[in-house]
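Structure first, then comments.
Positions are given from 1, in the same order as the sequence printed here.
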Amino acid sequence: PLLHAPRCGRAWGLAPARQRILRAYGAGFGAPAAGPVGPSPGAYGGSGEPMPYAPDSARALLRNAGIQDGNGDGTLDLPNGQPFEIELKFPAGNAVNRDMAELVRHDLSLIGVRIVTRPTEWSVMVQDFNGPQRNFEAILLGFNTDYNLNLRDAFHSEMIGSGYQFASYSNPRVDSL
């Protein structure tokens with residue numbers, strides 16, 4: 001529930017240094033995403049801006065949500081006093097996924113969020129994010145699409161609980177597009 005709060009989601013997006021990740025793994029190619037559609041497909045509108053790297057803003061958003069370091073140990077605490085800790089699952093057996101998860105873990109630790117990285121076998125991960133229990137707090141996945149772009153399965157509210165709508169994202173404005 002607290003992780004679903006818009007301020008927390010925005011903070012999660014402001015904390016990772018995506019340019020550094022691209023330099024490390026993109027071999028000079030790529031750009032931070034401004035949405036689910038990159039600049040190559042004809043459906044790209046070009047109007048969005050990627051979220052900046054802004055750890056101070058991320059900390060402020062979390063503080064405004066009642067998440068702050070209450071005991072001075074460097075780790076943010078939830079309003080109930082528990083440490084703000086998130087498990088980040090990623091596909092096991094792939095060094096790039098492991099290293100990206102570690103970069104995200106490091107960047108979020110700089111704003112006081114404790115990330116526990118968890119390599120997970122692919123078949124287990126699929127059950128975790130597609131099953132009715134939604135057994136994950138955060139996952140690291142790639143998203144590929146072809147030029148026959150159809151994002152309905154991934155973002156429409158009617159698709160929650162089926163297909164690729166594993167984030168349970170719901171937004172009436174997006175549904176109307």
Side-chain angles (χ1 to χ4, degrees), residues 1-21 24 32-36 48-92 94 96-122 124-143 154-157 159-162 164-175:
L2 186 58
L3 289 178
H4 298 172
R7 283 184 284 210
C8 291
R10 183 154 179 79
W12 179 268
L14 292 167
R18 287 183 299 281
Q19 286 288 5
R20 178 177 46 98
I21 293 171
E49 287 293 321
M51 292 180 82
Y53 173 58
D56 291 337
S57 296
R59 270 190 291 276
L61 286 166
L62 293 172
R63 187 172 43 254
N64 289 339
I67 303 170
Q68 48 198 340
D69 185 0
N71 59 12
D73 67 355
T75 298
L76 298 177
D77 300 306
L78 298 172
N80 67 5
Q82 295 295 314
F84 189 17
E85 181 175 293
I86 300 170
E87 181 184 68
L88 174 62
K89 293 182 178 183
F90 63 93
N94 183 304
V96 171
N97 287 331
R98 180 201 64 223
D99 293 348
M100 280 192 187
E102 283 303 312
L103 289 171
V104 170
R105 184 203 57 74
H106 173 272
D107 290 347
L108 284 152
S109 75
L110 297 177
I111 66 165
V113 178
R114 185 182 301 156
I115 300 293
V116 176
T117 58
R118 179 101 42 234
T120 308
E121 291 301 321
W122 180 246
V124 173
M125 254 183 97
V126 169
Q127 279 297 100
D128 287 349
F129 66 73
N130 269 336
Q133 300 300 322
R134 300 287 202 248
N135 186 24
F136 69 95
E137 292 177 320
I139 55 174
L140 178 69
L141 293 174
F143 181 76
F155 295 103
H156 199 283
S157 301
M159 303 309 291
I160 292 173
S162 65
Y164 293 103
Q165 226 292 29
F166 53 84
S168 299
Y169 179 77
S170 179
N171 182 325
R173 182 168 177 242
V174 171
D175 289 349

How many angstroms lie between [atom1] in [X] and [atom2] in [Y], if you round to the nearest 0.5 Å?
X: M51; Y: R10; atom1: CE; atom2: CZ; result: 4.0 Å
X: L140; Y: N94; atom1: CG; atom2: CG; result: 9.5 Å
X: W122; Y: L141; atom1: CH2; atom2: CG; result: 5.0 Å

Looking only at non-hydrogen atoms, find the nearest pair between [X] and [Y] and report the distance.
X: A15; Y: I111; result: CB-CD1, 3.7 Å
X: E121; Y: A92; result: OE2-CB, 3.8 Å
X: D175; Y: F155; result: OD1-O, 3.9 Å

According to side-chain hydrogen bond (donor to acceptor under 3.5 Å, both in side chains), who are the partners of [X], at least two apart in sequence or on a separate chain?
X: N171; result: Y169
X: N64; result: none
X: S170; result: S157
X: N71; result: none

Checklist entry - Taking only residues two or more places apart in sequence or in another chain, which ones pass salt bridge (Lys or Arg N to Asp or Glu O under 4.0 Å) with R59? => result D56

Non-hydrogen side-chain atoms of [X] and [Y] separated by less than 4.5 Å:
X: Y53; Y: P16; value: no
X: P55; Y: L110; value: no
X: P119; Y: R98; value: no

What residues form a side-chain contact (heavy atoms from CB on, under 4.5 Å) with [X], not counting sequence neighbours?
X: A54; value: L14, P52, S57
X: Q68; value: R63
X: V104; value: I21, L88, L108
X: D128; value: K89, T120, V124, N135

Item to check | L62 and C8: CA distance, side-chain angles, deciding distance, side chain to side chain contact (heavy atoms under 4.5 Å, CB included) verdict | outcome: CA-CA 6 Å; L62 293 172; C8 291; 3.9 Å; yes

Item to check | Within residues 103-119 or reaching into it, pairs that qualify as salt bridge (Lys or Arg N to Asp or Glu O under 4.0 Å) - sequence neighbours excluded | outcome: R20-D107, E85-R114, E87-R118, E102-R105

Next on the checklist: Tell me which pairs pass salt bridge (Lys or Arg N to Asp or Glu O under 4.0 Å) where either residue lies in residues 65-84, with sequence neighbours left out.
Outcome noted: none

Checklist entry - So, does R7 use its side chain to make a donor-acceptor pair with the main chain of A60 at under 3.5 Å? => result no

